[in-house]
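Written below as structure tokens is the structure these notes are about.
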Amino acid sequence: MSGHRSNGAVQFECGSWENHSYKDKEKHREHKKPRDHKKRKERKEREKSAKHKDSSGKKHRDKDKIKHRHGSKDKHKHREKKRDDKEKPEGLDKEKPKGLLLVKEVKYEPDSDTHHLTVPKHKHTLKMEGNDDNSSDSKLKKIKTERDEKISRKRKQDDCKEVVKPKKAKDQNGEDSDGKKKATKEPEDTYKWWKEKRYTDGTKWTTLEHKGPVFDPEYEPLPNHVKFCYNGERMKLSPGAEEVATFYAKLMHHDYVTKDIFRKNFFNDWQKDMTEEEKAKIKDLAKCDFREIRDYFKAQTEARRALSREEKQKTKDENERLLQEYGFCIMDKQKERIANFRTEPPGLFRGRGDHPKMGMLKLRIKPEDCTINCSKDSKWPKPPPGKEWKEVRHDNKVTWLVSWADNIKGSMKYIMLNSSSRVKGEKDWEKFETARKLKKCVDRIRAQYRDDWKSNEMKVRQRAVALYFIDKLALRAGNEKEEGETADTVGCCSLRVEHITLHQEKDGEPYVVEFDFLGKDCIRYYNAIPVEKRVFKNLRRFMENKQPQDDLFDRVTTDILNKHLQELMEGLTAKVFRTYNASITLQQQLKELTKSRDNVDTKVLQYNRANRAVAILCNHQRAAPKTFEASMQTLQAKIDTKREQLSVAKREAKRAKAEYKEKTTEKFRRTAESKKKAVLRIEEQLMKLDLQATDREENKQIALSTSKLNYLDPRISVAWCKSFDVPIEKIYNKSQRDKFACFIDMADEEFEF
DNA sequence: AAGTTGACTTAGGACATAAAAT
DNA sequence: ATTTTATGTCCTAAGTCAACTT
């Protein structure tokens, strides 16, 4: 059963990959971290002074003598220089005819009145048809401004035609392609945005109406008998301090509370909400005892769980009511689901990994913090009684409905639409089309960066090696992050010398690069992979005379890289490589692993394996479920029992058969037959269990959902389902089907990524 | 050019619910 | 019917990338 690991089947050249759960990671960093901090700081200083020096004008480097990493500013300087000298190489084909197009603009007339959830009468139309190759050129680019409007209008016309033709090819499930149909199965009102026109000028909507956010309820003070306890003394806290204390109490089961930074940040912020007396008294978190509070909440949860069926139903109904009232908006006459219609509740900030801000107080969001975005002529959402919005604006170049500033990072938070919405779907579609476009020119781009490994310009060489990693290993771009504001994680461009180790030879392979760093969400990336000699030598050079904390690619930033990519292909950025490589890998793996004579369950297992190959490539990990071992064991036990059952059944079947042979009466014939059937049935069950075990084991620390939701062109899966007779429900659950409705509707089994 | 910020995608874990086992 | 386990949803942090500011 759980015998085979997927690795054999599925792993491609990326070399070994080990997963480490979150915990491991922590450990992993533990020792180096503290020092790191210091170092990085020093580094900063160093950079600063270096900068001065440098500015005195040398253009050194380029020649490998780079000695230190230059600070960002510095970096840029150098970069700049380089810029003029070169630039040429890539230029070659930069310009493919840009455009493309499809899409036209929509003219929804503001149509006054109530937008009520009426389903539009589609005006059909065209649009980029995803499947055929022509699509690739379809870049739905947004034509800039009204200045261009006329042009685009003209253009549009032509485009229309072009685009239109591909259309007929499709849908064969009884619907006629242009959307007019819907006779049968489709619930008349599913809105197919993909059959509508699109905006091409950056406009996101013409009309937008919604009810605003749902706020977290006001704080309700604890009952009087529940008290906080300081240094053995029970005391009632002032409401402000008490509320913050409850946030802590609710997190006590978590290991966040054992971390110093968390405790320090929490205590610091907590004090701000204390009265003078409290502040004077409560000086040490170690002397604080929140257990009573914690127990109170525990009891509450418990009580809630024990509620009667009717009462539970009541809260359920209430939630449903809120959803109906606030969970939808009307955008361009369509009723669309909102993803997050509630503001985030107050609490203690939980960053991932070693986040310097963990434990800080996240403030309650109030109407005064919220900016509302809706159309001018719609019914604006009303702030709660006595309150005001911070602002109401009418910006139809953005898709959000409400925004506020987060007090921890100072960044913006938004309320946006659900992934089944038109605005999200269009972007998704565009994303995959861009990736398919890359497919068409990836050879050229690869040839180019390989060529650039030889460039005599350091910047070009670094850029080429970085791009190679992004392509081959599916690394993220790696933007520069502000030090001290976030956990120390990196992506490709921000890799530091300490994150890789070069091995002239490792495990029999020449020129091996070993990566070990923390990426997004502090997920560890570990991989040892053989590279070409030229890459290896370049890396050695990039590392020369640098400290471990220095940037590996000191002449490259995501900006530089993306600008370069943009020249190679319109719309190309670093992340397109992940999308492309993920999708193409799925397609290949499916091709390789699926056999049409297998049964559906087996096919699904193979699908999951293909999916897993992608997840491994993209390093999508998860903590192994806490109950993993236990559940694996019970499953194993089940399998064992089933096995026994099987042998018993077989024995019986054999006997019955023999008996029947002896006396060929109808009765014996029947028993023999039914015994035989029992065997088959049990065999099937056993096989199913085995599959389950295998799948689960292989999935222990791998998260499939991220790639499935974000990186894999759904049309590949849809086509696979169709050609192998696997119901789509086996692959996508309801919300995934909603999210991918357009792809499910459009792709046929011929689809090729 | 460098730094900043806004908007949007990608991400894993927590939590709720459904389904299966007992 | 109750408990356990699997699955799906929610939540919001953490990225990417380009436009804007300085």
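A note on names: the letters A, B, ... follow the listed sequences, proteins ahead of strands, and every chain is numbered from 1. These numbers come from the heavy atoms of this one structure, side chains and all, not from hydrogens, waters or symmetry mates.
- Here A/His254 reaches the OP1 or OP2 of B/dA14: one of its side-chain N or O atoms lies under 4.0 Å away.
- Residue A/Thr399 has a polar side-chain atom (N or O) positioned under 4.0 Å from OP1 or OP2 of B/dC8.
- Distance CD (A/Gln685) to P (B/dA20): 14 Å, rounded to an integer number of Å.
- Atom CH2 in A/Trp400 sits about 13 Å away from atom C1' in B/dT5, given to the nearest Å.
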Distances for protein N/O vs nucleotides 12-16 of chain C N/O pairs under 3.5 angstrom?
unit_1: C/dA13; atom_1: OP1; unit_2: A/Lys362; atom_2: NZ; d: 3.1
unit_1: C/dA13; atom_1: OP2; unit_2: A/Lys413; atom_2: NZ; d: 2.6
unit_1: C/dA14; atom_1: OP1; unit_2: A/Arg352; atom_2: N; d: 2.8
unit_1: C/dA14; atom_1: OP1; unit_2: A/His355; atom_2: ND1; d: 3.2
unit_1: C/dA14; atom_1: O4'; unit_2: A/Asp521; atom_2: OD1; d: 3.4
unit_1: C/dG15; atom_1: OP1; unit_2: A/Thr489; atom_2: OG1; d: 2.7
unit_1: C/dG15; atom_1: OP1; unit_2: A/Asp521; atom_2: N; d: 3.2
unit_1: C/dG15; atom_1: OP2; unit_2: A/Lys481; atom_2: NZ; d: 3.0
unit_1: C/dT16; atom_1: OP1; unit_2: A/Ala477; atom_2: N; d: 3.2
unit_1: C/dT16; atom_1: OP1; unit_2: A/Gly478; atom_2: N; d: 2.7
unit_1: C/dT16; atom_1: OP2; unit_2: A/Asn479; atom_2: N; d: 3.0
unit_1: C/dT16; atom_1: OP2; unit_2: A/Asn479; atom_2: ND2; d: 3.1

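- If A/Lys638 and A/Lys739 are placed on DNA chain B by their nearest nucleotide, the residue sitting closer to the 5' end is A/Lys739.
- Atom-to-atom, CG of A/Asn418 to P of C/dG8 comes out at 16 Å; the value is rounded to the nearest Å.
- Using a 4.0 Å heavy-atom distance criterion, A/Tyr711 is classed as a sugar-phosphate-only contact.
- Note: CG (A/Asp738) to P (C/dG8) measures 13 Å, nearest angstrom.
- Using a 3.5 Å distance cut-off with no hydrogens or angles, the side chains of A/Asn396 and A/Thr203 do not pair a donor with an acceptor.
- Counting to the nearest Å, the P atom of B/dA14 and the NE2 atom of A/His253 are 8 Å from each other.
- When the shell of 6.0 Å around CD of A/Glu684 is examined, it contains 12 or fewer heavy atoms from other residues, nucleotides or ligands.
- For A/Asn581 (side chain) and A/Phe577 (main-chain N/O), a donor-acceptor pair under 3.5 Å exists by modelled atom type.
- Against DNA chain C, the stretch residues 727-737 of chain A makes heavy-atom approaches under 4.0 Å through A/Asn733, A/Ser735.
- Considering only side-chain N and O atoms, A/Lys316 lies nowhere under 4.0 angstrom from the phosphate OP1 or OP2 of B/dA16.
- Distances shown here put every side-chain N or O of A/Lys312 at or beyond 4.0 Å from the OP1 or OP2 atom of B/dA16.
- A donor-acceptor contact under 3.5 angstrom links the side chains of A/Gln462 and A/Asp554, judged on distance only.
- Between the side chains of A/Arg696 and A/Ser631, at least one donor N or O lies within less than 3.5 Å of an accepting N or O.
- Rounded to a whole Å, the CG atom of A/Leu712 is 13 Å from the C1' atom of B/dT10.
- Among the nucleotides B/dT10, B/dG12, C/dA18, the one closest to the side chain of A/Ile523 is B/dG12.
- A centroid separation of less than 6.0 Å is found between the aromatic rings of A/Phe266 and A/Tyr248.
- Atom P of nucleotide C/dC10 and atom CG of A/Asn319 are separated by 10 Å, given to the nearest angstrom.
- At a threshold of 4.0 Å, the pair A/Glu318-A/Arg321 counts as salt-bridged, since one of the basic side-chain nitrogens sits closer than that to a carboxylate oxygen.
- For A/Phe341 and A/Tyr326, the ring centers sit 6.0 Å or farther from each other.
- Of the charged side-chain nitrogens involved, at least one lies within less than 4.0 Å of a carboxylate oxygen, so that A/Asp521 and A/Arg352 count as a salt-bridged pair.
- At the heavy-atom level, A/Arg304 lies nowhere under 4.0 Å from the strands shown.
- The residues A/Glu629 and A/Lys700 are annotated as salt-bridged, a charged nitrogen and a carboxylate oxygen being separated by less than 4.0 angstrom.
- Here A/Asp406 contributes atom CG and A/Tyr414 contributes atom OH; the two are 11.5 Å apart, rounded to the nearest 0.5 Å.
- Between the side chains of A/Tyr525 and A/Asn527, a donor-acceptor pair is found at a separation under 3.5 Å.
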Pairs under 3.5 angstrom, nitrogen or oxygen only, protein versus nucleotides 4-6 of chain C, please.
unit_1: C/dA6; atom_1: OP1; unit_2: A/Arg696; atom_2: NH1; d: 3.1
unit_1: C/dA6; atom_1: OP1; unit_2: A/Arg696; atom_2: NH2; d: 2.4

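- Between A/Trp429 atom CH2 and B/dT9 atom P the separation is 16 Å, expressed in whole Å.
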